[in-house]
Amino acid sequence: MRARYGVPLGITAVGAAGLVYAAGIEPRSFRLRRVTVPALPPGMRPLRVLQVSDIHMVRGQRKKQRWLRSLAGLRPDFVINTGDNLSDPEGVPEVLDALGPLMEFPGAYVFGSNDYYGPKLRNPGRYLTERLQGRHGLNGNPPAVGVVHNPWEDLRDGFDAAGWQNLTNTRGTLKVEGVSVELTGLDDPHIKRDRYAEVAGGPSGTADFSMGVVHAPYLRVLDAYAADGYPLILAGHTHGGQLCIPFYGALVTNCDLDTDRVKGLSTHTAEGRTSHLHVSAGCGASRYTPVRFFCPPEATLLTLVGRARG
Ligand SMILES: [Fe+2]
């Protein structure tokens with residue numbers, strides 16, 4: 001009897017343990033990832049950039065809020081928020097409270113689809129199969145958002161009041177101890193709100209450093225930023241694949257980016273020009289799919305250093 005049922009019971013127990021871990025432990029295992037990016041002009045002093053992304057705040061997520069507040073201890077030169085702050089239409093005050101200490105530093109932001117719209121209750125299996133089939137909102141019907149309209153204006157007003165720059169289809173400039181950083185941003189390509197024509201033309205050449213910012217790293221945006229000559233592009237949205245296979249990696253990116261670049265530092269080349277690309281795995285998930293596996297929630301401290309002379 002033991003031999004007959006032992007293996008199925010063992011598999012069931014491992015599966016149950018995996019579910020408990022993916023739903024209850026890993027989504028709360030916040031961590032900081034550090035990367036060094038040789039993107040600055042040779043000889044320029046390093047810049048420390050904290051990227052936060054995909055917070056997907058739901059009221060009452062106290063551990064996430066405490067962790068976000070603690071990131072101010074890193075004392076970055078500036079902060080970039082790559083969107084999807086909300087997964088609860090009443091979460092704006094808690095986002096602003098959690099990011100309050102970080103808003104003491106210079107910063108800028110773009111929004112993602114989940115800042116505008118509330119998440120829909122979905123079958124997680126269907127969510128995964130749609131993405132494996134490549135159905136990720138390219139046909140004008142973004143599948144992951146519903147008709148609940150979030151108070152994104154309140155979020156915008158809070159960020160703006162703190163002095164963070166709104167990069168929604170526009171440009172901005174940050175001054176960091178005498179260094180000027182030019183930022184070009186787009187609204188979310190996942191719901192076709194990106195308007196590259198309004199920001200096209202590449203770095204102005206008047207700043208010490210320039211970078212492109214967007215929520216979802218769709219190839220059309222990466223192509224445009226790289227071809228225009230931005231040395232660095234920051235994005236979020238992918239959640240790093242969210243449910244990853246040990247020793248294999250992500251199955252989906254939730255956009256047309258390949259899974260090899262689902263998170264972390266890589267490069268993107270278009271028209272013979274290459275940009276560094278950093279995709280944050282983010283620190284949250286939709287309130288209806290609050291699971292992560294082998295893809296812990298994160299923020300990233302990017303230390304930008306000078307390129308080698310050559
Ligand atoms: Fe997200």
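Indexing begins at 1, ligand by ligand and atom by atom, following the structure's order.
When side chains are defined from C-beta on, H149 does not count as touching Y116, because their heavy atoms never get closer than 4.5 Å.
Within D54, the N, O or S atom lying nearest to the Fe ion (ligand 1) carries the name OD2. Among heteroatoms of the N, O or S kind in D84, OD2 lies nearest the Fe ion (ligand 1). Looking at H239 and the Fe ion (ligand 1) together, the shortest N, O or S contact belongs to NE2.
Ion pairing of E94 with R62 is present here, as a side-chain N (NZ or NE/NH1/NH2) and a carboxylate O approach within less than 4.0 Å. Salt bridge annotation for R45-D208: absent, with no cationic side-chain nitrogen under 4.0 angstrom from a carboxylate oxygen.
None of the N, O or S atoms belonging to H237 lies under 2.8 Å away from the Fe ion (ligand 1). Residue H215 does not count as close to the Fe ion (ligand 1), with no N, O or S atom under 2.8 Å.
Using modelled atom types, one finds no donor on one side chain facing an acceptor on the other under 3.5 Å when comparing R292 with H239.
Residue I233 is not grouped with residue V37 when hydrophobic side chains (ILVMFWY) are merged at heavy-atom distances under 4.5 angstrom, including chains of intermediate members.
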